[in-house]
Amino acid sequence: MARKILLEHANIPGIKTYEVYRQNGGYRSVEKAIKSMTPDEVVEEVKTSGLRGRGGAGFPTGMKWSFIDKKSGKPRHLVCNADESEPGTFKDRFLMEYIPHLLIEGMITSSYALGCNLSYIYIRGEYMWVYRILENAIKEAYAAGWLGKNILGSGYDLDLHVHCGAGAYICGEETALIESLEGKRGNPRIKPPFPAVSGLWANPTVVNNVESIAAVPWIVNNTGEEYAKIGIGRSTGTKLISASGHIKNPGVYEIELGLSVDEFMNSDEYLGGMMDDRPLKALVPGGSSVPILPAHLIYKNAEGGDRLMSYESLSEGGFQSGSMLGSGGFIVYNDTTCIVRNTWNFSRFYHHESCGQCSPCREGTGWMEKVLHRIETGHGREEDIELLWDIQRKIEGNTICPLGDAAAWPVAAAIRHFREEFEYHVRFPEKVKNRDHFVAEPFDKVRHLVAKQEI
Amino acid sequence: MKVTIDGQEINVEPGTTILQAARMIGGESVPPAMCYYSKLKGSGGKCRCCLVEVSKGSEADPRPMPKLMASCVTGVMDGMEVKSISSERVLDARKSVTEFLLINHPLDCPICDQAGECDLQNLSFKHGSAKTRYIEDRRRFEPENIGDKIQLHMNRCILCYRCVMTADQLTDNRVHGVVNRGDHSQISTCISKAIDNEFSGNMIDVCPVGALTDKTFRFKQRVWFNKPFNAHRNCDKCCGKTTLWMFGNEIQRVTARKDEYHEVEEFICNECRFDHKDVNDWVIEGPRKFEKDSVINQNNYTRNIEPVKIDTEKNILLGRDQDRKKISMPAVPLKEGEVKVFKEGNV
């Protein structure tokens, strides 16, 4: 059995309530941090642990904390990014829904480390029931004296609020989240200044993902050194993976980073192999925004090395033959999946969620979606594949925030690895007009119709 | 600190952006900017027209920046080296942005009031392509009435946010802003309100395209047929320094004075802009200069001359009015009296 850190107590009945959580060792990290550690020592522990941001970017959390401007004398804020909106990612929801006090404990310990007296959990509007669970848990924590004035008689004060967003994917981007929290339209800010210098109400602010914050109590209780022993290389600790698609056991799993993709996919402890035992066609390892991997690059990288569930291993080979661990939204496709339709579906999402602030993203995402829709419905032209490639290339890297990249990468990877399918769509429009294409006849059976071309 | 742009070196104050440094150098190296407006706080970074390549970060950290940077919001560092017009990547990016902006912006320059003064027209001329690759349906909006002074033509809007910032920073009780998101975003009022504020007219001046135009000038004249004059009047609300756009001795439009980057020098009030169309209201300083390649330079006399006053019989000028109306607005029917005069040739 793999080691559990975040979901250790997830199966205990009633763990959602304060009493049960406390009986199982809850809030020990707050006691330890406030009574026996200085804020800087807590930051050091997190640095030592090598914990990387679990929202997708994988930036070292301890380093992010050390950037916070302590000299300005302004109030500081910790904001928990619970705006989990990436298609295929549902791990934070699980954590907040089943063990809400773990997040609150993490928020208190992290706020103490950063010297914040006012912290927020920004949750997506669609998670209304989770919002209520968190509200309730915060109420319990206030009642038990873990929040409010003079926590544990230390003189440290902390107020914690849950803020419900209005349901916009872009508000998961840290600066857009801050704008939204300030009551404004959720548009990303131009960086610099970074939030660590000027964030919420121009005060120094740290924005961390739910899972990152939830890992802090364990690190404080067991030391960062112990945490760093779990995992592989620079990918330390455990990671929640939300698995979905054509697999036997979809769900949220906590894995030790460094586990092989093969074991994760095929062992009964985890995904249990492919649903209906159909062949594996493709995989999106880190949420819809990361590049899709074809079957031959899932278990092995381009050099023939084993592919592991870690930041480094999944990105090996760059975007030519690799992908990203991202947020851990593990989406598996079998051979009946139409990659063009899947790409269109993703593209539709990014078009819908683009904030419209910068030109390449505003106009480009819509254009991509329309071209993909045309190809998918059997109205594509041969030149559309080059056009799509060109549009994504022009969006990537030229936008204010990473949403442009998130929209461009899936399209680029789909064309790079599954160009044949795009060509099939434009050459045999009558076949694709049947909405069951590739379900009745998986692409392997019609591959001979398309002459292979390299891009 | 020292910064080099396209091989041209300049010393600038700390805090200067790359765009500002390029403007100090001037010439071809100046990146185009559709959303940046030096007079508006927080503007810039949105249109991505001004992307440049930073080939050397600074003296201390000479690594090149991997992505193209928006020059209007990127501060210079000592020893920074920037490629603007000399970089293929930059030119490609500008071409891309131009293509993106023209996806939904109609090419209705022949009937647009902004023609001749349009930043997008200039951008397209320099970085655009003669052919479009876009064959899908274009975005269209229902016409919206935002008051008696400003005409909103949302189809032309490129979402630069300048007008929102102007309203935010210059006027009280902003009633308009950006609603919806993505390519459905639009400038609109909340909810169906008229924009009625003493400084709201400046939104017309800051709009880089023909999305917000002057209702009192609409379809009156192509701007290159006007003669622009610098003028001023005593105004207790604003500086009173304006440009008068004249046809003969008729003031057809009043705007704030703009610099070579089409940014107003000082914002003016609505009274100066809309209510003073009589020559006697103004002290005319002289003709206004424009950059050499501007179409507005047509009919622009830079020697110091008096405003043209056509001193002749009124009836003779009637025919000229008729011609103007016929040329510019053939679909607009003549008034009853005018038809009679026209038919009878009684001029």
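A note on names: the letters A, B, ... follow the listed sequences, proteins ahead of strands, and every chain is numbered from 1.
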Return yes when atom [atom1] of [X] has more than 12 non-hydrogen atoms of other residues, nucleotides or ligands closer than 6.0 Å, and no otherwise.
X	atom1	answer
A:K64	NZ	yes
B:K95	NZ	no
B:M77	CE	no
A:R234	CZ	no
B:N173	CG	no
A:F59	CZ	yes
B:K2	NZ	no

- [ ] Could you check A:W367 against B:D183 for side chain to side chain contact (heavy atoms under 4.5 Å, CB included), going step by step and ending with a plain yes or no?
- [x] CA-CA 10 Å; A:W367 195 0; B:D183 57 0; over 6 Å; no
Heavy-atom check, side chain of [X] versus side chain of [Y], under 4.5 Å:
X	Y	value
A:D405	B:K67	yes
A:E363	B:L102	no
A:Q357	B:V178	no
B:Y161	A:N187	yes
A:R362	B:N104	no

Pick one of side chain, backbone, both or neither for [X], based on which atoms fall under 4.5 Å of a heavy atom in chain A.
X	result
B:I103	side chain
B:Y134	both
B:S185	side chain

Open item on the list: For the backbone of B:C47 and the side chain of A:S359, can you confirm whether one donor and one acceptor N or O come within less than 3.5 Å of each other?
Closed with: yes
Task: Atom of A:N398, atom of B:R48 and distance for their closest heavy-atom approach - done: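 For A:N398 versus B:R48, the nearest heavy atoms are O-NE, 2.8 Å.
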Task: Minimal non-hydrogen separation, B:V97 against A:P360, with atom names - done: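 Looks like CG2-CG, 4.5 Å.
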Task: When A:E396, A:H352, A:R393 are compared by non-hydrogen pairs under 4.5 Å with chain B, the top option - done: A:H352
TODO: Flag the one option from A:I391, A:T399, A:V371, A:T365 with the top tally of heavy-atom pairs under 4.5 Å to chain B.
DONE: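 With the most close heavy-atom pairs to chain B, the winner is A:T399.
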Task: Interatomic distance, B:D92 atom CG to A:D390 atom CG [nearest 0.5 angstrom] - done: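 The CG atom of A:D390 is 7.5 Å from CG of B:D92, to the nearest 0.5 Å.
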With a 4.5 angstrom heavy-atom cut-off, is it the side chain or the backbone of [X] that approaches chain B, or both, or neither?
X	answer
A:R189	neither
A:I190	side chain
A:I170	neither
A:E353	both
A:H373	neither

Open item on the list: Between B:D137 and A:K370, does any NZ, NE, NH1 or NH2 come within less than 4.0 Å of an OD or OE carboxylate oxygen?
Closed with: no
Task: Ion pair check, A:E383 and B:R133, cut-off under 4.0 Å - done: no
Task: Leading residue by heavy atom contact count with chain A [cutoff under 4.5 Å; candidates B:R139, B:H184, B:M69, B:R181] - done: B:R181
